[in-house]
Amino acid sequence: KQEVTQIPAALSVPEGENLVLNCSFTDSAIYNLQWFRQDPGKGLTSLLLIQSSQREQTSGRLNASLDKSSGRSTLYIAASQPGDSATYLCAVVYFGNEKLTFGTGTRLTIIP
Amino acid sequence: EPEVTQTPSHQVTQMGQEVILRCVPISNHLYFYWYRQILGQKVEFLVSFYNNEISEKSEIFDDQFSVERPDGSNFTLKIRSTKLEDSAMYFCASSEAGDRIGSPLHFGNGTRLTVT
C-alpha cells in the first residue's frame with residue numbers, strides 16, 4: 001500500500017535552533033514530493049515541491065531534501081522562530097495517479 | 001498573491017440534508033481538487049477535475065458526491081444526503097495548467113462541515 005509516514009508526531013524546540021522534520025514513503029516510484037504548512041483551523045500552504053529528478057529545494061530558511069532510493073525526505077528549518085510553530089505535512093504523488101498522498105504531519109512548537 | 005477562496009468557512013447541517021461547498025480557484029489555474037480532513041486524521045483526496053470532467057476520484061467519492069464548475073470561476077462540491085461521517089474540513093485546491101503533476105497545489109482555508 002502506498003503510504004506516507006511522518007515521525008515524530010510532535011516536536012518542541014527552543015527558538016533559534018535548527019531542526020529537521022522527517023517524512024518517509026513506501027514506494028520510490030513518485031512524481032514529486034511536497035511539503036506544506038498548516039496553521040490551526042486554516043488551509044495548507046505549500047512550502048516546497050521537489051520533483052523526482054531533484055535532490056533538494058531551498059526557500060529562505062527552509063531546505064527540503066529527497067532520497068527516493070531510501071524513501072525519505074527531510075525538511076530542514078534554520079534558526080527557528082516562534083512564527084514557525086505549525087503542523088508540517090509531507091505529501092507524495094505516486095506514479096499512476098495525480099493525487100497527493102499525505103502523511104499525518106508533525107506538530108512543531110517553537111519555544112520563545 | 002492570488003489565493004483559493006472557499007465559502008462558507010463553517011457549515012452545520014442535519015443528517016440527510018444536501019450541502020454545497022463553494023470554491024473559487026486561482027483564475028489562471030485549470031486543475032481543481034477537493035480534499036477532506038476528518039478531525040485528527042490525514043488529509044484525504046476526494047476528486048480531481050480538469051477540462052470540465054472528473055479525471056480521478058477516490059473510493060470516498062461515491063454517488064452521494066458530485067462536483068461542478070457552473071461558470072468560469074466557481075468550483076463546487078455537492079453532498080446529496082449528508083451522513084454523520086461526512087463531518088470534516090473540506091479543502092479545495094487548484095494548480096496551474098500544463099504539468100499538473102509537477103505543479104504545486106494551492107489550497108483554500110477550508111470549509112468545516114458539521115453534520116448533526
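Chain identifiers are assigned alphabetically (A, B, ...) following the order of the sequence lines, protein sequences preceding nucleic acid strands; residue numbering begins at 1 within each chain.
A side-chain donor-acceptor contact under 3.5 Å links B:Tyr35 to the backbone of A:Leu100.
Most heavy-atom pairs under 4.5 Å with chain B: of the set A:Gly105, A:Gly103, A:Ala91, this distinction falls to A:Gly103. Per-residue heavy-atom pair counts under 4.5 Å with chain A were compared for B:Val43, B:Val47, B:Val4, and the maximum is reached by B:Val43.
In the hydrophobic clustering of this structure, A:Ile77 groups with A:Ile50; members are Ile, Leu, Val, Met, Phe, Trp, Tyr whose side-chain heavy atoms approach within less than 4.5 Å, directly or through other members. The same ILVMFWY cluster, assembled from side-chain heavy atoms under 4.5 Å apart, contains both A:Leu19 and A:Leu62. At a threshold of 4.5 Å between side-chain heavy atoms, the hydrophobic network of Ile, Leu, Val, Met, Phe, Trp and Tyr places B:Leu46 and B:Leu105 in two separate groups. Linking Ile, Leu, Val, Met, Phe, Trp and Tyr residues whenever their side-chain heavy atoms come within less than 4.5 Å places A:Leu75 and A:Val13 in a single cluster.
Listed in order of number, the residues of residues 106-116 of chain B that approach chain A to under 4.5 Å between heavy atoms are B:Phe107, B:Gly108, B:Asn109.
Residue B:Arg69 places its CZ atom among more than 12 non-hydrogen atoms of other residues, nucleotides or ligands, all under 6.0 Å distant. For B:Glu59, the CD atom counts as loosely surrounded, since its 6.0 Å shell holds 12 or fewer non-hydrogen atoms of other residues, nucleotides or ligands. Surrounding CG of B:Leu39 are at most 12 heavy atoms belonging to other residues, nucleotides or ligands under 6.0 Å away. Annotation: B:Asp63, atom CG; neighbour count of heavy atoms from other residues, nucleotides and ligands within 6.0 Å does not exceed 12.
Here B:Lys42 contributes atom NZ and A:Glu3 contributes atom CD; the two are 5.5 Å apart, rounded to the nearest 0.5 Å.
For chain B, the nearby part of A:Leu89 is the side chain; its heavy atoms alone come within less than 4.5 Å.
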Which donor-acceptor pairs under 3.5 Å do side chains of residues 38-45 of chain A form with protein atoms, sequence neighbours excluded?
from	atom 1	to	atom 2	distance (Å)
A:Gln38	NE2	A:Lys42	O	3.4
A:Gln38	NE2	B:Gln37	OE1	3.1
A:Asp39	OD1	A:Arg37	NE	3.4
A:Asp39	OD1	A:Arg37	NH2	3.0
A:Asp39	OD2	A:Arg37	NE	3.1

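A:Leu49 and B:Ser103 get closest at one heavy-atom pair: CD1-C, 3.9 Å.
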